[in-house]
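Okay, so here's the structure we're looking at.
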Amino acid sequence: MSSPLYLPPDRLDDLIRQLQERGYRVIGPRVRDAVIDYGELERAADLPWGWQDQQRPGRYRLQSAEAKRAFAWAAPAQGLKPWFFAASEPLWRTQRTAGGFQVEPCLPEAKPLAIFGARACDLAAVARQDRILEHDPHYQARRQDALFIAVHCTHPAESCFCAATDTGPRARRFDLGLTELAAGFAVEAGSSRGRQLLDALDLGVASAEQIEAAQNAVADAARQQTRSLPTGDLAATLLARFEHPRWDQVAQRCLSCGNCTQACPTCFCHAREETGSIDAQSAMQVRHWDSCFGEMHGHLAGFQVRPETKQRYRQWLTHKLGTWWTQFGESGCVGCGRCLTWCPAGIDLTIEAAAILGDTA
Ligand code: SF4
Ligand code: SF4
């Protein structure tokens, strides 16, 4: 890791232009539909200058702030998942021919993405999806040349707990890592592509005061977080508490709407559907995100294996916090807090986990 340089606010456009000239499609945070979300970024003015978010269980609000910072907010409404693992996409098409059928894969257009302003939790989620979708050609077509410009988090929301999951607020893996200061950014390279970008920008070094302010801001962001998760062998403990009465209690509030799974940046369940043309000459297979709260997700071998909300919530939480460890050697939760924020019933996974696991995990 190189020592930090100083990027003045009026040089942000130069950085974005460098990315565009290198052929990247630049994606970054923007205000859209009253939330901050990742979208196409043309210029620095598109960033959410002067906006802050309020996030807590069942609530998301934007409010204007006095300080005109671009990154004074926590997690965008949706993570990076849809940019690499599309919510819905065709996998292949087939056409009837004289001799049978011709099948064609539908690989996505592969203009490389530069993600500007990626949060630590979202980068940790991408690392998890990289393992799951390692051999998926559609995911890899979008993911393989992607470049990540992280902005370390200095404004966690009430719903955040990345410090507890050890995935933030400082990003671990990036090409460039920025920390927003009162004016401008401390910036460091995390890869050779990041170093090339910094060389092209020809920036001066950050002062000792700027480096200290950047470190303090990220450390404060960790200290501000109040939520946590139980530790220990969560897979074994959750499975041992399969009949805990809390599952019935949470099921009385849970609507089985699946919002938590759609907002979660690590959830990867999906379903495939074939549709045929009315003249029976062609067909297409489409993949779309699925949810363990959906009726068809538990429809196996002709019958429903999880007919009740209790069983679906239990499946979700037990996999996310427990058996994900068994499968992948790490947690399925990166502490982004989105499942809390976007749950219409305000169900808080950290509270449910604490109630079921107690302090004996
Ligand atoms: S389980 Fe909730 S807090 Fe954890 S990564 Fe998914 S959405 Fe974020
Ligand atoms: S926990 Fe909340 S978001 Fe998830 S399915 Fe239940 S009601 Fe919907």
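All ligand and atom numbering here is 1-based and tracks the order in the structure. Being a predicted model, the structure only gives us computed values, none of them experimental. Counting from 1, the numbers follow the sequence of the chain as shown.
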Could you check whether any side-chain N or O of R227 sits under 3.5 Å from a backbone N or O of G337, counting only pairs where one atom can act as donor and the other as acceptor? no
Starting from atom 7 (S) of ligand 2, locate the nearest protein heavy atom and write down its residue, its atom name and how far away it is, to 0.1 Å. L255 N, 3.2 Å
What is the closest protein heavy atom to atom 6 (Fe) of ligand 2, and at what distance does it sit? C254 SG, 2.3 Å
Are F174 and H152 an aromatic pair by the rule of ring centers under 6.0 Å? yes
Looking at residues at least two apart in the chain, or sitting in another chain, which of them share a side-chain hydrogen bond (donor to acceptor under 3.5 Å, both in side chains) with E104? none
So the atoms of ligand 1 within less than 4.0 Å of a heavy atom of F161 turn out to be 3 (S)
Tell me, which pairs form a ring pair (Phe, Tyr, Trp, His ring centres under 6.0 Å) where one or both residues lie in residues 245-279, sequence neighbours left out? F85-H270, F268-W324
For a side chain to side chain contact (heavy atoms under 4.5 Å, CB included) with V126, tell me which candidate from T266, I115, L80 qualifies. L80
Is there a donor-acceptor contact under 3.5 Å from the side chain of T318 to the main chain of G322? no
For atom 8 (Fe) of ligand 2, which protein heavy atom lies nearest, and how many Å away is it? C257 SG, 2.3 Å
For atom 2 (Fe) of ligand 2, the closest protein heavy atom turns out to be C343 SG, 2.3 Å
Which residue holds the protein heavy atom closest to atom 3 (S) of ligand 1, what is that atom called, and what is the gap in Å? G337 N, 3.2 Å
Proximal protein heteroatoms (N, O or S) of atom 6 (Fe) of ligand 1, under 2.8 Å: C264 SG
Taking the cut-offs as 6.0 angstrom to the six-membered ring centre and 45 degrees off its axis, would you call R314 and F242 a cation-pi pair? yes
What residue pairs, at least two apart or across chains, pass ring pair (Phe, Tyr, Trp, His ring centres under 6.0 Å) with a residue in residues 15-64? Y60-W342
Taking only heavy atoms of S256, which atoms of ligand 2 are found under 4.0 Å from at least one of them? 5 (S), 6 (Fe)
Salt bridge D166-R172, side-chain N to carboxylate O under 4.0 Å: yes
Counting distance only, does the side-chain N/O of Q55 pair as donor-acceptor with the main-chain N or O of A75 below 3.5 Å? yes
Can Y313 be said to touch ligand 2, with heavy atoms closer than 4.0 Å? yes
